[in-house]
Trainee: 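Below is a structure I'd like to ask you about.
The structure displayed is predicted, hence computed values, not measured ones.
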Amino acid sequence: MANAASGMAVHDDCKLKFQELKSKRSYRYIVFKIEEQQVVVEKLGGPTASYEDFMACFPPNECRYAVYDFDFTTNENCQKSKIFFVAWSPDSSKVRMKMVYASSKDRFKRELDGIQVDMQATDPSEMSLDLVKARAM
């Protein structure tokens with residue numbers, strides 16, 4: 001089902017794996033990429049994967065989308081979890097690639113029902129663990 005504005009389709013596997021992350025907690029993270037005019041799953045991080053594992057998935061000169069299931073403890077000592085959506089668009093990626101990812105982002109996010117925090121990053125410092133923790137609280 002392509003979006004008229006961006007011409008981008010979302011592979012069914014993207015929604016299926018996201019539902020498994022959200023409801024069954026089968027994955028810690030999912031990295032998506034646009035390939036042949038559709039968003040596809042590129043990498044899945046198992047439930048025990050670390051934030052460092054997640055950060056290592058982002059290529060230095062290509063855009064990606066990702067979701068991360070972040071567990072944290074509130075100031076009241078309650079265990080919580082929030083699902084982050086990350087739009088990775090490094091300055092060194094090609095202009096056309098950045099435009100395609102930017103124009104498809106909102107539609108793709110709408111396909112993933114349950115995202116609680118949205119982040120945009122152009123370099124790793126913009127999605128550091130400290131920033132994620134601050135956004136989760």
Trainee: Check whether any side-chain N or O of T73 sits under 3.5 Å from a backbone N or O of N77 as a donor-acceptor pair, and report yes or no.
Mentor: no
Trainee: Hey, does M8 have a side-chain heavy atom less than 4.5 Å from the side chain of R107?
Mentor: no
Trainee: Checking side chain to side chain donor-acceptor pair (under 3.5 Å) between D69 and each of K82, K22, R25, which is the one that passes?
Mentor: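 Of all the options given, the one that passes is R25.
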Trainee: According to side chain to side chain contact (heavy atoms under 4.5 Å, CB included), who are the partners of D118, at least two apart in sequence or on a separate chain?
Mentor: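 So D118 forms a side chain to side chain contact (heavy atoms under 4.5 Å, CB included) with F85, K105, K109.
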Trainee: For the backbone of I34 and the side chain of Y101, can you confirm whether one donor and one acceptor N or O come within less than 3.5 Å of each other?
Mentor: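 Confirmed, Y101 side chain pairs with I34 backbone.
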Trainee: Taking all atoms of both residues into account, what is the closest heavy-atom pair of D113 and F18, and its distance?
Mentor: O-CE2, 3.1 Å
Trainee: Would you find a donor on one side and an acceptor on the other, under 3.5 Å apart, between the side chain of W88 and the backbone of P124?
Mentor: no
Trainee: State which residue, out of K43, Q38, R64, fulfils the side chain to side chain contact (heavy atoms under 4.5 Å, CB included) condition with K33.
Mentor: R64
Trainee: Work out which heavy atom in S50 is nearest to a heavy atom in D53; give both atom names and the distance.
Mentor: N-OD2, 2.9 Å
Trainee: Can you tell me how far the CZ atom of F54 sits from the OH atom of Y68, to the nearest 0.5 Å?
Mentor: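 F54 atom CZ to Y68 atom OH measures 7.5 Å (nearest 0.5 Å).
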Trainee: Between the main-chain N or O of K15 and the side-chain N or O of Q19, is there a donor-acceptor pair closer than 3.5 Å?
Mentor: no
Trainee: With side chain to side chain contact (heavy atoms under 4.5 Å, CB included) as the test, pick out the partner of F32 among D13, V40, V67.
Mentor: V67
Trainee: Taking it one step at a time, do M119 and V132 satisfy side chain to side chain contact (heavy atoms under 4.5 Å, CB included)?
Mentor: CA-CA 9 Å; M119 294 182 81; V132 168; 3.9 Å; yes
Trainee: Between D123 and S125, do the side chains contain a donor N or O and an acceptor N or O under 3.5 Å apart?
Mentor: yes
Trainee: Linking I/L/V/M/F/W/Y whenever their side-chain heavy atoms sit closer than 4.5 Å, directly or via other members, would Y29 and L131 fall into one cluster?
Mentor: yes
Trainee: Could you work out, with side chain to side chain contact (heavy atoms under 4.5 Å, CB included) as the rule, every residue matching S92, not counting sequence neighbours?
Mentor: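 Only N61, P90 meet the side chain to side chain contact (heavy atoms under 4.5 Å, CB included) criterion with S92.
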Trainee: Could you check whether R28 pairs with D71 (Lys NZ or Arg NE/NH1/NH2 to Asp/Glu carboxylate O, under 4.0 Å)?
Mentor: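 Answer for the salt bridge query: yes.
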Trainee: Assert yes or no for the condition that the ring centre distance of F72 to F70 is strictly below 6.0 Å.
Mentor: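 They qualify: ring centres under 6.0 Å apart.
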Trainee: Are Y65 and V117 connected in the hydrophobic side-chain network, where two residues link if heavy atoms are under 4.5 Å apart?
Mentor: no
Trainee: Under a plain distance cut-off of 3.5 Å, with no hydrogens placed, do S93 and E62 share a side-chain donor-acceptor pair?
Mentor: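 Side chains of E62 and S93: no pair found under 3.5 Å.
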